[in-house]
Number of protein chains: 2
Amino acid sequence: MSLKHGLLGLLNYGSMTGYELDKAFKASLSFFWQAKTSQIYRELDAMERHGWLTSQRVIQSEKPNKRVYTITEDGKEELVKWLSSPESDIVDAMHVRSAFLMRVFFAGETSIQQSLEMLRRYRQKCLESSEGLRVAYDAISDYGAIVSDEKKSKYWEIVVLYGEAFFDAGLSWTDKAIAILEEELRG
Amino acid sequence: MSLKHGLLGLLNYGSMTGYELDKAFKASLSFFWQAKTSQIYRELDAMERHGWLTSQRVIQSEKPNKRVYTITEDGKEELVKWLSSPESDIVDAMHVRSAFLMRVFFAGETSIQQSLEMLRRYRQKCLESSEGLRVAYDAISDYGAIVSDEKKSKYWEIVVLYGEAFFDAGLSWTDKAIAILEEELRG
DNA sequence: TTAATCATGTAACACGTTACATGATTGC
DNA sequence: GCAATCATGTAACGTGTTACATGATTAA
């Protein structure tokens, strides 16, 4: 139920429309959790039925009407409850889920050349993502400026540090893997 | 569609029953892709409808009847086609998906003590997983002994190297993160 | 004049999880 | 006597993806 709790966390910063939530989500949480707009609207619906939030329709003349979502006391309680029981997500974080690794696993069915190409492409993407982290960092800083809370931005930085560690690990892993396959080509 | 292709890859090594596939999956691919038994049976059904495999029911007297799945030519073609178009999965591999990181992101809503506890628990789990890799490596070696193919085991080793890099990255990241928060406590 | 922004959704489908059902044989 | 192994699934639910629909305002 992480999408629901992510939305709850954002709404805890202040009331927003679905549209604004979608943008806030994509500007920050999307680094570690992806969701489509249509899914966000569906989850907001379910959360309202759960009583975690309420919505008020706002009629606008110049722009389309909108619906502003506000977190309820029950929603805040749920958020606190969720934050205090991280165990299952910690266990979960130990499980890699990667279709790419499945391809590496079955790479013996293709040529070494093809496998090398795939690994080199992966390496290049890691580099790009590593550089892209600066952009993500700026996005987080922008949002941090809106919400302006020193305490929160500390943790956002820690999340970005995770990204750096993740992509660095990807780089040094591909270096090793490529070396093994190149050795195979020569040997 | 990675589960389907994982099963296709395993069946490419030889015909198996759903039960055997489930065990083979959990002994090898589960390191980077998890699936429940019931889902595996459902996918096998869908794959048979796609014409990627055929099944023969084997009547047994002493044991429950079984159904042996065999990959078809269409299935082998699909496997090769899949292996030669890795781009989308490479792009996908650049996206982290972690409910745990969402918790870190919102950790400002809790105390530093609670956040430290969570990070320390994560760190401990990384250590355990890192040690557990040896077990996974043995499982892969066992399966490698059954299939016995030098070429394949090269790639299986590379996958295990990824695991090492991943958990090592987790360890050094938590060290940094914990240091930042402990500094916060003192400062 | 074309694209982007604002603002909402519905419908169908694909994939993943949980709970349940059945029942014989073999090892401790 | 009890648990594990063998061997198959169904049903319901939850979550994620894709495609589609609507229509005004504003900036390049």
Side-chain angles (χ1 to χ4, degrees), chain A residues 1-8 15-27 29-30 32-50 52-53 55-69 82 88-89 91-92 95-99 102, chain B residues 1-8 15-27 29-30 32-50 52-53 55-69 82 88-89 91-92 95-99 102:
Chain A
M1 298 228 295
S2 287
L3 177 51
K4 285 188 180 70
H5 291 102
L7 294 170
L8 224 40
S15 296
M16 273 183 266
T17 67
Y19 188 74
E20 287 165 336
L21 267 167
D22 184 55
K23 280 191 300 173
F25 197 96
K26 276 159 183 151
L29 312 199
S30 74
F32 44 76
W33 200 272
Q34 298 81 43
K36 309 282 167 169
T37 306
S38 60
Q39 198 191 355
I40 287 176
Y41 280 111
R42 189 176 54 183
E43 292 301 304
L44 285 171
D45 225 67
M47 288 160 78
E48 193 169 7
R49 284 199 301 276
H50 273 155
W52 294 352
L53 41 87
S55 71
Q56 292 89 234
R57 186 165 275 282
V58 176
I59 311 295
Q60 296 184 124
S61 49
E62 305 284 288
K63 290 175 180 179
N65 295 339
K66 60 185 181 181
R67 185 183 288 274
V68 179
Y69 293 93
W82 175 72
S88 62
D89 284 341
V91 173
D92 225 68
H95 295 125
V96 178
R97 189 177 195 84
S98 166
M102 188 176 279
Chain B
M1 296 231 294
S2 287
L3 177 51
K4 285 189 180 70
H5 292 103
L7 294 170
L8 223 41
S15 297
M16 271 182 269
T17 66
Y19 188 74
E20 286 165 336
L21 267 166
D22 183 55
K23 278 190 301 172
F25 197 95
K26 275 158 185 155
L29 312 199
S30 74
F32 44 77
W33 201 272
Q34 297 81 44
K36 308 282 167 170
T37 306
S38 61
Q39 199 191 353
I40 288 177
Y41 281 111
R42 189 177 56 186
E43 292 302 302
L44 285 171
D45 225 69
M47 289 161 77
E48 192 168 9
R49 284 198 302 273
H50 274 155
W52 294 353
L53 42 87
S55 71
Q56 292 89 234
R57 187 165 274 282
V58 177
I59 311 294
Q60 297 184 124
S61 50
E62 305 285 287
K63 290 174 179 178
N65 295 340
K66 60 186 181 180
R67 185 181 289 274
V68 178
Y69 293 93
W82 175 72
S88 62
D89 283 342
V91 173
D92 224 69
H95 294 126
V96 178
R97 188 177 196 85
S98 165
M102 188 177 280

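Letters A, B, ... mirror the listed sequences (proteins, then strands); counts begin at 1.
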- Non-hydrogen side-chain atoms of B/Gln34 and A/His95 separated by less than 4.5 Å: yes

- Message: Among A/Asp22, A/Thr17, A/Leu21, exactly one meets side-chain contact (heavy atoms from CB on, under 4.5 Å) together with A/Leu44. Which residue is that?
- Response: A/Leu21

- Using whole Å, report how far CZ of B/Arg42 lies from C1' of D/dT8. 16 Å

- Task: Just call it for B/Ser38: base, sugar-phosphate, or nothing, with non-hydrogen atoms closer than 4.0 Å on any strand.
- Result: base

- Gap separating the OG atom of A/Ser98 from the CG atom of B/Asp92, nearest 0.5 angstrom: 8.5 Å

- Message: If I take atom CG in residue B/Leu7 and atom P in nucleotide C/dC15, what distance separates them, rounded to the nearest angstrom?
- Response: 12 Å

- Message: In the structure I gave you, are the side-chain heavy atoms of A/Leu8 and A/Lys4 within less than 4.5 Å of one another anywhere?
- Response: no

- Task: Classify the nucleic acid contact of B/Asp22 as base, sugar-phosphate or nothing, counting any heavy atom under 4.0 Å across all strands shown.
- Result: nothing

- For C/dT8, does either OP1 or OP2 sit under 4.0 Å from a side-chain N or O belonging to A/Thr17? yes

- Item | Nucleotide D/dT15, atom P - distance to CZ of A/Phe25 in whole Å | 13 Å

- Measure from CG on B/Asn65 to P on C/dT25 and round the result to the nearest Å. 13 Å

- At under 4.0 Å between heavy atoms, what does B/Lys36 touch on the DNA or RNA strands: base, sugar-phosphate, or nothing? base

- Going by heavy atoms in the side chains, are B/Arg97 and A/Phe32 under 4.5 Å from each other? no

- Would you mind classifying the nucleic acid contact of A/Arg67 as base, sugar-phosphate or nothing, using non-hydrogen atoms under 4.0 angstrom? sugar-phosphate

- Report the residue (A/Tyr19 or B/Gln34) whose heavy-atom-nearest nucleotide on DNA chain C is the more 5′ of the two. A/Tyr19

- D/dG14 P sits how many Å from A/Met47 CE, rounded? 15 Å

- Query: In whole angstroms, how far is the P atom of C/dT8 from the CZ atom of A/Arg57?
  - Reply: 8 Å

- Base, sugar-phosphate, or nothing: which does A/Asp45 touch, judged by heavy atoms less than 4.0 Å apart? nothing

- Item | Closest listed nucleotide, where the reference is the side chain of B/Lys23 and the choices are D/dT15, D/dC6, D/dT8 | D/dC6

- Item | Short side-chain N/O contact to C/dC6 OP1/OP2 from A/Gln60, under 4.0 Å | no

- Selected nucleotide, minimal atom distance to B/Thr37 side chain, candidates D/dT15, D/dT8, D/dC6: D/dT8

- Query: Between C/dC15 and B/Gln39, is there an OP1 or OP2 to side-chain N/O distance shorter than 4.0 Å?
  - Reply: no

- Nearest-nucleotide pick for A/Lys66, side chain only, options being C/dG16, D/dT15, C/dT8: C/dT8

- d(NZ, A/Lys63; P, D/dT26) in whole Å: 8 Å

- Under-4.0 Å side-chain N/O to phosphate OP1/OP2 contact, A/Tyr41 with C/dT8: yes

- Round to a whole Å and report the spacing from CE of A/Met16 to P of C/dT8. 12 Å

- Query: Taking the six-membered ring for Trp, are A/His5 and A/Trp52 parallel (under 30°), tilted (30 to 60°) or perpendicular (over 60°)?
  - Reply: tilted

- Item | Closest to the A/Lys4 side chain, choosing from D/dT15, C/dC15, C/dT8 | D/dT15

